[in-house]
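Because only heavy atoms are used, hydrogens play no part in the values below, and waters and symmetry mates are left out as well, while side chains stay in.
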Amino acid sequence: MDDSTLKALALVPRGSKEPLALVPPFARHTKAYTCMVQSDLEAVAVQAVCNEPDAFSQPQNTSSDGSIAIKEGANNVEVKVDAPDGSSSRYIVQVYRPSASDTSLKEVAVSAGTIVPPISRSETRYTVLIDPTLAKLTVNPVPLNAKSRIKWVCPASPPVDTVLHIGDTAFQFDVTSANGSSTVSYTITRAKTRSGRG
């Protein structure tokens, strides 16, 4: 009777049936999550199932149709759960919606080594620390806005198992925003180390 946890929690884009991915994956005792969405997502519906049959869940700040508006930037989607004995708990999902003009990176995946510095919105030049014996490398940048476009400059096509020659190997690519209003160039340079960790 004092259980104010949820058995299930999902955010579903308005007009869709597929729930968004929560990080970390839902667990009843985990109360804080994050979620990345595309720049054109405007609202989500909350699907919350209480673990205690007599408990009550209530999404906060809903509109008349029961959905929650998602603006550009960070949005907190909050669900309050009231147990039958009067105790309560809150689940919060921070939903980040990039703008259509966003050209930043979410991550840069590499087949080996470590990217430095950490990926940030203000940084456009990175180094991948690799072992000196490494002969090939794959680099896969992922834009924060999934609808942004990547154009490779050097090499001219996505570097998959690219052979690393003697000297520096620089990977260069441009990210163009979803609405085409801006383009930012990024450079990733390799640096061979003994451990691949700096």
Quick one: pull up [atom1] in [X] and [atom2] in [Y] and give me the separation to the nearest 0.5 Å.
| X | Y | atom1 | atom2 | answer |
| --- | --- | --- | --- | --- |
| F171 | T162 | CZ | OG1 | 5.0 Å |
| I115 | E123 | CD1 | CD | 11.0 Å |
| T34 | L20 | OG1 | CG | 11.5 Å |

Would you please name every residue forming a side chain to side chain donor-acceptor pair (under 3.5 Å) with [X], sequence neighbours left out?
| X | answer |
| --- | --- |
| T124 | none |
| N140 | none |
| S185 | D174 |
| S57 | none |

Ignoring hydrogens, what is the shortest heavy-atom contact between [X] and [Y]? Give both atom names and the distance.
| X | Y | answer |
| --- | --- | --- |
| S101 | S181 | CB-OG, 3.5 Å |
| Y126 | P117 | CD2-O, 3.3 Å |
| G113 | I130 | CA-CG2, 4.2 Å |
| S177 | A100 | CB-O, 3.3 Å |
| Y186 | S104 | OH-CA, 3.4 Å |
| P143 | P141 | CD-O, 4.0 Å |

Any side-chain heavy atom of [X] sitting closer than 4.5 Å to one from [Y]?
| X | Y | answer |
| --- | --- | --- |
| E52 | D85 | no |
| T5 | V81 | no |
| L105 | F173 | yes |
| I188 | V110 | no |
| N76 | Q94 | yes |
| Y33 | V77 | no |

Cut-off 3.5 Å, side chains only: do S99 and S39 have a donor facing an acceptor?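 Result is no, nothing qualifies.
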Salt bridge (charged side-chain N to carboxylate O under 4.0 Å, His left out): which pairs involve residues 104-118, sequence neighbours left out?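 Passing the test, one end in residues 104-118: no pairs.
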Pair listing, salt bridge (charged side-chain N to carboxylate O under 4.0 Å, His left out) test, anchored in residues 69-80, at least two apart: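 Of all non-adjacent pairs touching residues 69-80, those that pass salt bridge (charged side-chain N to carboxylate O under 4.0 Å, His left out) are E78-R90, K80-D82.
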Grouping I, L, V, M, F, W and Y whenever their side-chain heavy atoms are under 4.5 Å apart, do I70 and Y91 come out in a common cluster?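 Same hydrophobic cluster.
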Each residue besides Y96 in its hydrophobic cluster should be listed here, by chain and number; the cluster joins Ile, Leu, Val, Met, Phe, Trp and Tyr at side-chain heavy-atom distances under 4.5 Å.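 M36, L144, listed by chain and number.
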Among residues at least two apart in sequence or on other chains, which ones pass salt bridge (charged side-chain N to carboxylate O under 4.0 Å, His left out) with R125?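 With sequence neighbours excluded, R125 shows a salt bridge (charged side-chain N to carboxylate O under 4.0 Å, His left out) to no residue whatsoever.
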Backbone of S4 reached by a side-chain donor or acceptor of S89 within 3.5 Å: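 Answer holds: yes.
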Sub-3.5 Å donor-acceptor pair from the side chain of Q47 to the main-chain atoms of A45, do we have one?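 Answer holds: no.
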Applying side-chain contact (heavy atoms from CB on, under 4.5 Å), name anything that partners S122, two or more places apart in sequence or on another chain.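 S122 satisfies side-chain contact (heavy atoms from CB on, under 4.5 Å) with S120 only.
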Just to verify, what does D161 make a side-chain contact (heavy atoms from CB on, under 4.5 Å) with, not counting sequence neighbours?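 side-chain contact (heavy atoms from CB on, under 4.5 Å) list for D161, sorted by chain: K136, T138.
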Report, one line per pair, each donor and acceptor closer than 3.5 Å where one atom sits in a side chain of residues 7-16; sequence neighbours left out.
{"residue": "S16", "atom": "OG", "partner": "E18", "partner atom": "N", "Å": "3.0"}

Atom pairs and distances, donor-acceptor, side-chain atoms in residues 147-155, under 3.5 Å, two or more places apart:
{"residue": "K147", "atom": "NZ", "partner": "D40", "partner atom": "OD2", "Å": "2.4"}
{"residue": "S148", "atom": "OG", "partner": "D102", "partner atom": "O", "Å": "3.2"}
{"residue": "S148", "atom": "OG", "partner": "N145", "partner atom": "O", "Å": "3.4"}

